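Remember, predicted model here, so these are calculated numbers, not experimental data. What you see below is based on every heavy atom in this structure, not just the backbone, and it leaves out hydrogens, waters and symmetry mates. Below, read A as the first sequence line, B as the second, and so on, with proteins coming before strands; counting in each chain starts at 1.
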2 protein chains.
Amino acid sequence: MSRKSEETRARILQTTLDLLQSGSPHLTRISDIAKAAGISRQALYLHFPNRAELLVAATKYLDEKVNIDASLAESRAASSGMMRLDAFVRAWGTHIPVIYGVGRALMAMSDTDAEARAAWDDRMSAVRHGCAAAVNALIRDGDLRPDLTDDTATDLLWTILSVRNWEALTQTCGWTQDAYLAEISRLSRGALTRPDR
Amino acid sequence: MSRKSEETRARILQTTLDLLQSGSPHLTRISDIAKAAGISRQALYLHFPNRAELLVAATKYLDEKVNIDASLAESRAASSGMMRLDAFVRAWGTHIPVIYGVGRALMAMSDTDAEARAAWDDRMSAVRHGCAAAVNALIRDGDLRPDLTDDTATDLLWTILSVRNWEALTQTCGWTQDAYLAEISRLSRGALTRPDR
DNA sequence: GAATTTCTTGACACCGTGTCAAGTTGACAT
DNA sequence: ATGTCAACTTGACACGGTGTCAAGAAATTC
């Protein structure tokens, strides 16, 4: 694990992220990544045992760079439940485009690879915890719709905030990121909070 | 295209649907389907040129059997815009589980196969037309939120009603179909209609 | 009963992933 | 400067799944 080794490792990961960000996952083959990183395909296997672990490592690498937890933490600072919900929605919604490339690859692999699925599920369960925290803040303030249990509300918010929905609205429907954030905030609020306030 | 030929063709399609309904798409290989249909793998290629066209044919076959258009048409009979929205949401939401098996396979193939993607997009654009019709009915009655254009509203409803959201809530979160229908109806209504009514 | 369609068996090519072996390059230590 | 070790290279191969081709058997149809 010398300096040189870590250097190429980082280059591989960065190249992987770059390729995934611009180009569909199945067009990002192991050989494509190796070529773009300036090494042989076999050399890549000296650093990562298989495609799934490469993608997982790339995800972690990205996480370290952008520190998603810190961004989400800021939503915890909000005073009221309503503000907290909004802060969380905006924080997560802003991070989706950052992780979309690798996320899409992980989702595609989830069909066939248990390891990839586990890695993606892990990320998604972290988001779910954020949803649950926002829901709890609403409950504390008495702002949750009375006909929703906390679990139901969390499921609903988590689904509304899915990467797939971001993909549908911004990629398929062509919405701008701002339009997405605005509508999805309103939708989340309308879905979870009492109609009378 | 004799009697025998059509017979096996139908058997292949039905077997395909059966296998897709119970088991993930990548576990439904061409050879699996052939075996389950009681013919050789090569015989299957005498009826369908490739996997994508087989799936597309299976989708059409299913459409003919369940007649999804007829089911959606009933929502057109509703008098008020609000009722029409609700009828459409329930009609489509009820059909999602029927098409989920083949839909999932088509979605998975969409990553790699243009033909599969076209077939799925075609289905989804049919749903989108239904969404647009419901939105227009709301507009006619003056019940659409004033801050939504018809396109935005259609995009939003179409996204809310996506197969992915059904999958997230019923398959991942474990909601019953009834719970899904109830919540998604409420969500759709809340997202599109004026808050004051 | 003969012609034709349907299906079978078996072989092979292609693609992408993953593995293995043998050899090259370069950095560093002594 | 020489030997050692890690990083990397080239080239070969296995595997699984899709799709193709050819030759022959079996069933249908007329």
Engineer: Nearest-Å distance, CD (Glu115(A)) to P (dT17(C))?
Structural biologist: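 So the two atoms are 16 Å apart, to the nearest Å.
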Engineer: What I want to find out is whether Arg84(B) reaches Asp141(B) closely enough, with some N-O distance under 4.0 Å, to be called a salt bridge.
Structural biologist: no
Engineer: Just wondering, do Trp92(A) and Val163(A) contact through their side chains at under 4.5 Å, heavy atoms?
Structural biologist: yes
Engineer: Atom CZ of Arg41(A) and atom P of dA21(C): how far apart are they, to the nearest Å?
Structural biologist: 16 Å
Engineer: With the threshold set at under 4.0 Å for non-hydrogen atoms, list the residues of residues 42-53 of chain B touching DNA chain C in residue-number order.
Structural biologist: Gln42(B), Ala43(B), Leu46(B), His47(B)
Engineer: Under a 3.5 Å distance rule, please check whether Thr172(B) uses its side chain to pair with a backbone N or O of Leu169(B) as donor and acceptor.
Structural biologist: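 No, Thr172(B) side chain to Leu169(B) backbone: no donor-acceptor pair under 3.5 Å.
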Engineer: So, using side chain to side chain donor-acceptor pair (under 3.5 Å) as the criterion, who are the partners of Thr15(A) when residues are at least two apart?
Structural biologist: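 So Thr15(A) forms no side chain to side chain donor-acceptor pair (under 3.5 Å) with any residue.
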Engineer: Would you mind reading off the distance between Asp113(B) atom CG and dC15(C) atom P, rounded to a whole angstrom?
Structural biologist: 16 Å
Engineer: Please determine if Asp63(A) and Arg123(A) form a salt bridge, counting it only when a charged side-chain N lies under 4.0 Å from a carboxylate O.
Structural biologist: yes
Engineer: What is the separation between atom CZ on Arg9(A) and atom P on dC8(D), rounded to the nearest whole Å?
Structural biologist: 12 Å
Engineer: Among dC7(C), dA11(C), dA12(D), which nucleotide has an atom closest to any side-chain atom of Thr8(B)?
Structural biologist: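 Shortest atom-to-atom distance from the side chain points to dC7(C).
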Engineer: Side-chain N or O of Ser40(B) versus OP1/OP2 of dT9(C): is the shortest distance under 4.0 Å?
Structural biologist: no
Engineer: Within residues 16-34 of chain B, which residues have any heavy atom lying less than 4.0 Å from an atom of DNA chain D?
Structural biologist: Arg29(B), Ile30(B)
Engineer: So, are Asp113(B) and Arg51(B) salt-bridged, with charged N and O less than 4.0 Å apart?
Structural biologist: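 Looking at Arg51(B) together with Asp113(B), the answer is no, because their closest N to O distance does not fall below 4.0 Å.
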Engineer: Quick test of your reading of the model: are Arg9(B) and Glu6(B) salt-bridged, counting only N-O distances below 4.0 Å?
Structural biologist: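 Here Arg9(B) does not pair with Glu6(B) in a salt bridge, since their nearest N and O are not under 4.0 Å apart.
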Engineer: Would you mind reading off the distance between Glu7(A) atom CD and dC8(D) atom C1', rounded to a whole angstrom?
Structural biologist: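 In whole Å, dC8(D) C1' lies 14 Å from Glu7(A) CD.
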Engineer: Is any side-chain heavy atom of Gln177(A) closer than 4.5 Å to a side-chain heavy atom of Pro97(A)?
Structural biologist: yes
